[in-house]
Amino acid sequence: MTAHPVKILFLASEVESLAKTGGLADVAKALPLALKEHGQDVRIIMPFYKTINRHDEAEKLLDLCLHTGNDCQDIDYAVYQLMLEDVPVYLIQQHNYFERDQLYSEGEFAYDDNGERFTFFSRAIFQVTEALGFKPDIFHCNDWHTALVPYLLKQKYGHHPFFCNSKSVLSIHNAAFQGIFEKHQFQLLEDLADGLVDQILDGYNCINLLKAGIRFADKINAVSPTYAEELLTRLGSHGLCDYFQQRRSDLVGILNGCEYSDWDPATDRFIPANYSSSDLSGKSVCRQALQVKTDLAQLDVPIFGMVCRLTEQKGFYLLLPALEQFLRHRVQVIIVGTGDSGIVAELEALQQKWPDKLRFIHAYSNELAHLVEAGADFFLMPSLFEPCGLNQMYSLAYGTLPIVRGVGGLKDTVNDYDEQPEQATGHIFYDPEPADLLNILRRALLLYLEHPEEFQAMRHRAMLSRFNWQQSVWQYEALYNDALNVNSIQQP
Ligand SMILES: Nc1ncnc2c1ncn2[C@@H]1O[C@H](COP(=O)(O)OP(=O)(O)O[C@H]2O[C@H](CO)[C@@H](O)[C@H](O)[C@H]2O)[C@@H](O)[C@H]1O
């Protein structure tokens, strides 16, 4: 327990168990819960999407109206509350912006007013906190959706008595998504837009929201130490190198934790048999169940699994050519995901060519994600970049050895068989070439077939590795303290 709880408002566009499209949601649940357990006064704020789980349990707290100035109409909205264990979640309900079938896009088309939607959300956050009388010490922003808040805090609310002592922290989960929108979407910023435009104008007369966050947040963190280093390089910064360089003394890397209460094969409710490092018999049951579920033959061949968003980031343009060769071996490969239609088409074509060996399941299914983790022998993450990655941590816990590219958080969490044989928990390749991926896939296969004892030793070691949120919580608390202290020195 901390002596003086820090008041943290955790701003997220998605939160696991309420609304999720990817890893940001996992962190937006696990980190606030871990901070709360450590005695901090943390609350979450997010949009009240139409599709949110537990929709009917939400309790209405307030009706509010955002006066926009300019020529825009005032915007009526309501604030609801749900509890996520003992953490309050404030939900902002606004019919025009959030009563939609998806969070950010339909099919492959992003909603064309996403800039306006999250500008509204960011402005409403200030009004809601004041109306609720919750004065945050820290606005903890996450990715581009809430990256406007540090800007608003500095430029608009810096002298507001309610917010003048508040500071902001920006966590970068994926800097490839920057929230770049045409200026006309920022009408809701009233007179502020011009000042903002000068500082963070992108090419083509657009505003880049992530740049606003990087420029104005009191402290910034990337979700792994290696990704923080990569963001300072031309190659790894998604074009933002100069911006990160300017803030390098305020940028740290904090590795995400793994939520073992959701991802532990000994207690997992989604899998047909539980197991642990001391008794792996349940893993064979899961293996068979996975083969049945995916309609693959019950063969004693290694299963390579993969669950992810289907995007270039996840390394499909390395994987697809590598699989063309690798599927000649006696293996089974199971890929679960949704996303880019080009990748979908290529996976479907490859499956037609290798119907007995490759199963592509075009679905978003938490249950299947758990079954793949439990039933496979290896887990594939050949990412081009990976800020942290969560699935490799889940894989380790499930004794499903990760095969990863040595970037970002993958490098920080997996020990390579060749580099560290005594501590090995998986396989790492580095060059973003299909041939290098194919080579590491074959090495993994060889280990499985020719050195079963070493494979089992690695599996055992992997299952014992731990990435607890507790470690990350201490580092976030230090970051909050830095944000609060450094800036109070600057302000007389
Ligand atoms: N089809 C499907 N069915 C079921 N579940 C699916 C799924 N597709 C994805 N998921 C789930 O979504 C999550 C993905 O998390 P990741 O961290 O691997 O990637 P993501 O790129 O979304 O996150 C970004 O943010 C996180 C959090 O900081 C960083 O770890 C990461 O590197 C960064 O790219 C996992 O829980 C996974 O199981």
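Computed from heavy atoms alone, side chains included, the values below leave out hydrogens, waters and symmetry copies. Read the numbers this way: they start at 1 and go in the same order the structure lists the ligands and their atoms.
With a 4.0 Å cut-off on non-hydrogen atoms, N256 touches ligand 1 through its side chain and not its backbone. Residue-level proximity to ligand 1 for C388 is carried by backbone and side chain together, each with a heavy atom below 4.0 angstrom. Contact annotation: for C308 versus ligand 1, heavy atoms closer than 4.0 Å belong to the backbone alone. Of all the heavy atoms of L390, the ones lying under 4.0 Å from any atom of ligand 1 are found in both the backbone and the side chain. Using a 4.0 Å cut-off between heavy atoms, R309 contacts ligand 1 through both its backbone and its side chain.
Regarding atom 1 (N) of ligand 1, its nearest protein heavy-atom neighbour is A363 O, 2.9 Å. Of all protein heavy atoms, the one lying nearest to atom 4 (C) of ligand 1 is S365 O, 3.3 Å. The closest protein non-hydrogen atom to atom 14 (C) of ligand 1 is G23 N, 3.6 Å. Given atom 7 (C) of ligand 1, the protein heavy atom at minimum distance is Y364 CE1, 3.3 Å. For atom 37 (C) of ligand 1, the nearest non-hydrogen atom of the protein is N391 OD1, 3.2 Å. The shortest contact between atom 12 (O) of ligand 1 and any protein heavy atom is with K20 CE, 3.5 Å. Annotation: atom 19 (O) of ligand 1 to nearest protein heavy atom, K314 NZ, 3.3 Å. Among protein heavy atoms, the minimum distance from atom 33 (C) of ligand 1 is reached at H173 O, 3.3 Å.
Formation of a donor-acceptor pair under 3.5 Å by the D412 side chain with backbone atoms of S224 is not found in this model. Judged by distance alone, the side chain of Q392 and the main-chain N or O of G389 form a donor-acceptor pair under 3.5 Å.
With no hydrogens or angles considered, no side-chain donor-acceptor pair links D143 and H173 at under 3.5 Å. Q475 and N221 share no donor-acceptor pair across their side chains, judged by distance under 3.5 Å alone. Side-chain atoms of E367 and S365 form no donor-acceptor pair, as typed in the model, at a separation below 3.5 Å.
Which parts of ligand 1 touch G337 is read off a 4.0 Å heavy-atom cut-off, strictly below it: atoms 1 (N). Counting the atoms of ligand 1 from 1 in the order shown, those under 4.0 Å from a heavy atom of G22 are 12 (O), 13 (C), 22 (O). Less than 4.0 angstrom separates some heavy atom of D26 from each of these atoms of ligand 1: 36 (O). In the vicinity of N174, heavy-atom distances shorter than 4.0 Å reach the ligand 1 atoms 34 (O). Short contacts between ligand 1 and L24, defined as distances under 4.0 Å to a heavy atom of the residue, involve ligand atoms 25 (O), 27 (C). Residue V27 approaches ligand 1 through these ligand atoms, each under 4.0 Å from one of its heavy atoms: 27 (C), 28 (O). Close approach to E386 involves these atoms of ligand 1, each under 4.0 Å from a residue heavy atom: 31 (C), 32 (O), 33 (C), 34 (O). Atoms of ligand 1 lying under 4.0 Å from at least one heavy atom of Y394, given by number and element, are 36 (O).
Any N or O atom pair closer than 3.5 Å counts here, and V307 shares no such pair with ligand 1. Ligand 1 has a nitrogen or oxygen under 3.5 angstrom from a nitrogen or oxygen of G389. Checked by distance only, ligand 1 and A369 stay at 3.5 Å or farther apart across all their nitrogen or oxygen atoms.
Atom CG of L441 is separated from atom CG of L380 by 6.0 Å, given to the nearest 0.5 angstrom.
Scanning all heavy atoms of the two residues, the minimum distance from P382 to L319 falls at CG-CB, 4.3 Å.
Between Y104 and F118, the ring planes are tilted. Angles from 30° to 60° get that label. Between F378 and F304, the ring-plane angle classifies as parallel under the 30° and 60° cut-offs.
In this structure, the side chains of V6 and L484 come closer than 4.5 Å at one or more pairs of heavy atoms.
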Going through the checks in order, is the ring-ring contact (aromatic ring centres under 6.0 Å, His included) test met by F326 and W354?
CA-CA 11 Å; F326 189 60; W354 299 99; over 10 Å; no

